[in-house]
**Q** 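I'd like to ask some things about the structure below.
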Amino acid sequence: MTYHPKSDFLRVMFERGFVADCTDYQALDEALVKGVVPAYIGYDATAASLHVGHLMNIMVLRWLQKTGHQPITLMGGGTTKVGDPSFRSEERPLLTPEAIDRNIDGLKQVFARYLDYSDAPNGAIMLNNAEWLDSLNYLDFLRDIGRHFSVNRMLSFESVKSRLDREQSLSFLEFNYMILQAYDFLEIHRRYGCLLQMGGSDQWGNIVNGIDLTRRVIDHEIFGLTTPLLTTSDGRKMGKSASGAVWLRADMLSPYEFWQFWRNTTDADVGRFLKIFTELPVEECDRLGALQGAEINGAKILLANLATTLLHGAEAAAAAEATAREVFERGGVGDDLPTVRVTAAEAAEGLGIVQLFVKAGLAASGKDAKRLIAEGGARLNDELVTDQGLRLGASHLAEPLKLTAGKKRHALVVLD
């Protein structure tokens with residue numbers, strides 16, 4: 001793409017690697033130069049927190065606000081009752097309204113770390129599409145909105161087509177999802193003057209639907225911008241670590257574990273991740289990303305500190321770095337390591353070392369833990385574990401035990 005944007009927001013998007021596609025670069029750019037542009041990203045409330053896989057688009061909203069425009073975070077209180085079928089092999093499990101509301105409360109905690117929801121001219125707005133979707137009259141909706149959708153065209157979208165090509169069931173409930181998401185864009189435009197919907201590249205079809213619907217119903221021009229699917233240099237999807245999802249809530253993943261996720265970034269990803277997940281100047285991101293050998297470890301620590309500071313604050317980032325130094329440089333225990341608490345009853349029965357590695361999240365399964373031990377990657381208090389049948393009782397737990405998987409992943413086991 002050779003387009004050279006005039007607006008600060010699009011310039012940042014291009015320079016930092018946030019752009020996959022846009023419905024009309026030039027017209028959007030002109031709107032961004034003219035005044036404050038409200039823009040939204042939708043989030044279905046399928047879990048109590050967002051994870052690192054969502055962070056790229058949260059940073060897009062943050063940059064939108066930093067460049068003078070208005071971010072809108074749309075909670076899918078209504079659409080979560082249906083479930084987005086995009087690129088999924090099976091239907092999502094349906095949640096109760098109470099579970100959805102609880103999840104939305106959890107998501108709000110995450111967004112408040114990155115966006116300013118004050119009364120400023122470009123203060124962020126949080127909406128819930130249940131506000132307009134829950135009260136829809138089905139027959140009116142079919143007549144006024146449904147008539148604008150071609151089933152032939154809906155079937156041609158890659159997100160639906162890939163499911164049907166694999167002969168996997170797509171329920172009528174899910175098929176309605178793209179109509180509801182398109183209707184969201186129309187409603188947010190009507191109510192809040194929203195001109196732009198953003199999202200991952202897998203949302204392209206849904207976004208285009210909303211733009212087409214708005215043009216057909218009220219003949220207004222609105223825009224779509226997508227971000228690329230983010231993978232690590234070895235092809236893995238962002239959002240998961242060896243021990244599970246990298247959650248963005250401290251009560252679901254400790255700040256230390258979050259810090260450690262970034263510290264473990266592959267050398268080839270450092271420059272790119274600094275551009276996407278921090279606000280460091282682009283030139284500095286490029287310089288740090290080009291470092292070689294041991295020097296790039298300093299860049300990884302900076303990435304971990306900056307990403308952790310944005311989410312959990314500077315004190316949490318400093319504490320995480322101090323714990324890491326204590327663990328790695330001096331072989332100590334450190335206060336902020338993820339901790340497994342063992343009851344007296346469990347200790348009395350004895351705990352297998354394999355079970356402990358799984359319980360600590362250092363192995364995905366018993367088989368994984370046994371392989372780790374067999375390959376010499378498991379340590380207990382910095383001593384190599386060679387016996388897969390080792391059992392630990394109350395006497396072993398008089399002091400906290402440190403488990404280590406590989407060189408960089410640690411956890412504490414303590415007796416409650």
Side-chain angles (χ1 to χ4, degrees), residues 1-43 54-74 111 114-116 120-125 185 188-189 192-212 214-215 219-231 238 269-290 303 306-307 310:
M1 177 66 202
T2 55
Y3 183 73
H4 299 291
K6 303 184 189 77
S7 63
D8 289 342
F9 175 64
L10 273 189
R11 180 180 49 77
V12 168
M13 291 298 97
F14 276 106
E15 285 178 353
R16 303 188 83 93
F18 285 110
V19 179
D21 213 339
C22 179
T23 52
D24 189 333
Y25 288 108
Q26 190 166 348
L28 173 59
D29 200 21
E30 287 168 6
L32 288 159
V33 169
K34 267 185 208 167
V36 176
V37 169
Y40 90 97
I41 298 178
Y43 297 87
H54 296 106
L55 193 49
M56 183 181 201
N57 280 325
I58 296 174
M59 291 300 291
V60 166
L61 289 171
R62 184 175 169 87
W63 279 111
L64 182 85
Q65 190 166 43
K66 282 173 72 76
T67 53
H69 303 284
Q70 184 174 43
I72 298 173
T73 44
L74 177 67
F111 287 114
Y114 292 93
L115 301 173
D116 172 17
N122 69 328
I125 302 173
F185 201 175
I188 300 172
H189 175 67
Y192 299 93
C194 181
L195 290 179
L196 173 64
Q197 184 186 353
M198 301 181 291
S201 54
D202 61 334
Q203 293 300 310
W204 179 255
N206 290 333
I207 292 172
V208 169
N209 270 337
I211 292 168
D212 287 348
T214 303
R215 189 182 67 250
D219 196 25
H220 285 191
E221 184 182 26
I222 54 178
F223 308 99
L225 179 74
T226 57
T227 53
L229 174 67
L230 190 63
T231 56
M238 280 288 287
D269 291 324
V270 172
R272 189 165 55 113
F273 286 3
L274 281 166
K275 286 179 190 172
I276 292 169
F277 299 110
T278 81
E279 295 169 347
L280 207 61
V282 171
E283 300 75 20
E284 185 65 1
C285 297
D286 287 334
R287 184 189 72 79
L288 291 166
L303 168 63
L306 293 174
L310 277 174

**Q** Which side chain to side chain donor-acceptor pair (under 3.5 Å) pairs, counting each pair once, include a residue from residues 62-72, with sequence neighbours left out?
**A** Arg62-Glu279
**Q** How would you list, by chain and number, every residue that makes a ring-ring contact (aromatic ring centres under 6.0 Å, His included) with Phe111, sequence neighbours excluded?
**A**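 Per chain and number, Phe111 pairs via ring-ring contact (aromatic ring centres under 6.0 Å, His included) with Tyr43.
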**Q** Can you say whether the rings of Phe185 and Tyr40 are parallel (under 30°), tilted (30 to 60°) or perpendicular (over 60°)?
**A** perpendicular
**Q** Partners of Asn122 by side chain to side chain donor-acceptor pair (under 3.5 Å), sequence neighbours excluded?
**A**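 Not a single residue meets the side chain to side chain donor-acceptor pair (under 3.5 Å) criterion with Asn122.
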**Q** Check salt bridge (charged side-chain N to carboxylate O under 4.0 Å, His left out) between Asp286 and all other residues, then give those that pass, not counting sequence neighbours.
**A**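 Lys275.
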**Q** Looking at CG of Leu74 and CD1 of Ile125, how far apart are the two atoms once the value is rounded to the nearest 0.5 Å?
**A** 11.5 Å
**Q** If you take all heavy atoms of Ile207 and Gly224, which pair is closest and at what distance?
**A** CG2-CA, 3.6 Å
**Q** Using the rule given for side-chain contact (heavy atoms from CB on, under 4.5 Å), can you reason through Met198 versus Leu61, listing the C-alpha separation, both sets of side-chain angles and the distance that settles it, and then say yes or no?
**A** CA-CA 9 Å; Met198 301 181 291; Leu61 289 171; 3.9 Å; yes
**Q** Rounded at 0.5 Å granularity, tell me how far CZ in Phe273 sits from CE in Met56.
**A** 9.5 Å
**Q** Under 30°, 30 to 60°, or over 60°: which ring-plane class applies to His189 and His220, parallel, tilted or perpendicular?
**A**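 Taking His220 first and then His189, their aromatic rings stand perpendicular (interplane angle over 60°).
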**Q** Rounded to the nearest 0.5 Å, what separation is found between the OH atom of Tyr25 and the OG atom of Ser7?
**A** 12.0 Å
**Q** Between Leu280 and Thr278, which heavy-atom pair has the shortest distance, and what is it?
**A** N-OG1, 3.2 Å
**Q** Please name all residues satisfying side chain to side chain donor-acceptor pair (under 3.5 Å) with Thr214, sequence neighbours left out, ordered by chain then number.
**A**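 Listed in chain order: nothing, the list is empty.
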**Q** Which residues pass the salt bridge (charged side-chain N to carboxylate O under 4.0 Å, His left out) test with Glu284, not counting sequence neighbours?
**A** Arg287
**Q** Partners of Asp212 by salt bridge (charged side-chain N to carboxylate O under 4.0 Å, His left out), sequence neighbours excluded?
**A**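 Once residues adjacent in sequence are excluded, the partners of Asp212 under the salt bridge (charged side-chain N to carboxylate O under 4.0 Å, His left out) criterion are Arg153, Arg215.
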**Q** Closest approach of Tyr3 and Asp29, non-hydrogen atoms and distance?
**A**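 Tyr3 and Asp29 have their closest heavy atoms at OH-OD2, 2.7 Å.
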**Q** Could you list the residues that satisfy salt bridge (charged side-chain N to carboxylate O under 4.0 Å, His left out) with Asp269, not counting sequence neighbours?
**A** Arg272
**Q** Do the side chains of Pro121 and Val36 get nearer than 4.5 Å, heavy atoms only?
**A**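 No. Closest side-chain heavy atoms not under 4.5 Å.
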**Q** List in chain and number order the residues that pass side chain to side chain donor-acceptor pair (under 3.5 Å) with Thr23, two or more places apart in sequence or in another chain; answer none if no residue qualifies.
**A**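 Thr23 satisfies side chain to side chain donor-acceptor pair (under 3.5 Å) with no other residue.
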**Q** Does any part of the side chain of Ile41, heavy atoms only, come nearer than 4.5 Å to the side chain of Gln197, both counted from C-beta?
**A**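 In short, these two side chains do not touch, never coming nearer than 4.5 Å.
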**Q** Answer yes or no: is there a side-chain heavy-atom contact under 4.5 Å between Met59 and Leu310?
**A**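 Yes; the side chains approach each other to less than 4.5 Å.
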**Q** Minimum heavy-atom separation for Val19 to Pro228, with atom names?
**A**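 Distance-wise, the nearest heavy atoms are C-CD, 3.9 Å.
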**Q** Roughly how far apart are Thr226 OG1 and Asn57 CG, rounded to 0.5 Å?
**A** 9.5 Å
**Q** If you take all heavy atoms of Gly210 and Ile222, which pair is closest and at what distance?
**A**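 For Gly210 and Ile222, the tightest heavy-atom pair comes out as O-CD1, 4.0 Å.
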**Q** Mind checking the CG-CG spacing from Leu10 to Leu64? Nearest 0.5 Å is all I need.
**A** 10.0 Å
**Q** Would you please test Phe223 and Val37 for side-chain contact (heavy atoms from CB on, under 4.5 Å) and show each step?
**A** CA-CA 11 Å; Phe223 308 99; Val37 169; over 6 Å; no
**Q** Using the rule given for side-chain contact (heavy atoms from CB on, under 4.5 Å), can you reason through Leu225 versus Leu196, listing the C-alpha separation, both sets of side-chain angles and the distance that settles it, and then say yes or no?
**A** CA-CA 7 Å; Leu225 179 74; Leu196 173 64; 3.9 Å; yes
**Q** For Glu221, enumerate each residue passing the side chain to side chain donor-acceptor pair (under 3.5 Å) test, keeping only those at least two apart in sequence or located in another chain.
**A**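 Testing Glu221 for side chain to side chain donor-acceptor pair (under 3.5 Å), a comparison that skips the adjacent residues, returns none.
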**Q** Sequence neighbours excluded, which residues qualify as ring-ring contact (aromatic ring centres under 6.0 Å, His included) partners of Phe9?
**A** none
**Q** Mind listing the closest non-hydrogen atom pair of Ser201 and Leu229 along with its distance?
**A** OG-N, 3.6 Å
**Q** Please list all pairs passing the salt bridge (Lys or Arg N to Asp or Glu O under 4.0 Å) test where one or both residues lie in residues 11-21, with sequence neighbours left out.
**A** Asp8-Arg11, Arg11-Glu15
**Q** Run the side-chain contact (heavy atoms from CB on, under 4.5 Å) test on Phe277 and Leu230 for me, step by step, so that the C-alpha distance in whole Å, both residues' side-chain angles and the decisive distance to 0.1 Å come before the verdict.
**A** CA-CA 12 Å; Phe277 299 110; Leu230 190 63; 3.3 Å; yes
**Q** Roughly how far, to the nearest 0.5 Å, is CG of Leu195 from CD1 of Ile211?
**A**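 Spacing of CD1 (Ile211) from CG (Leu195) equals 11.0 Å.
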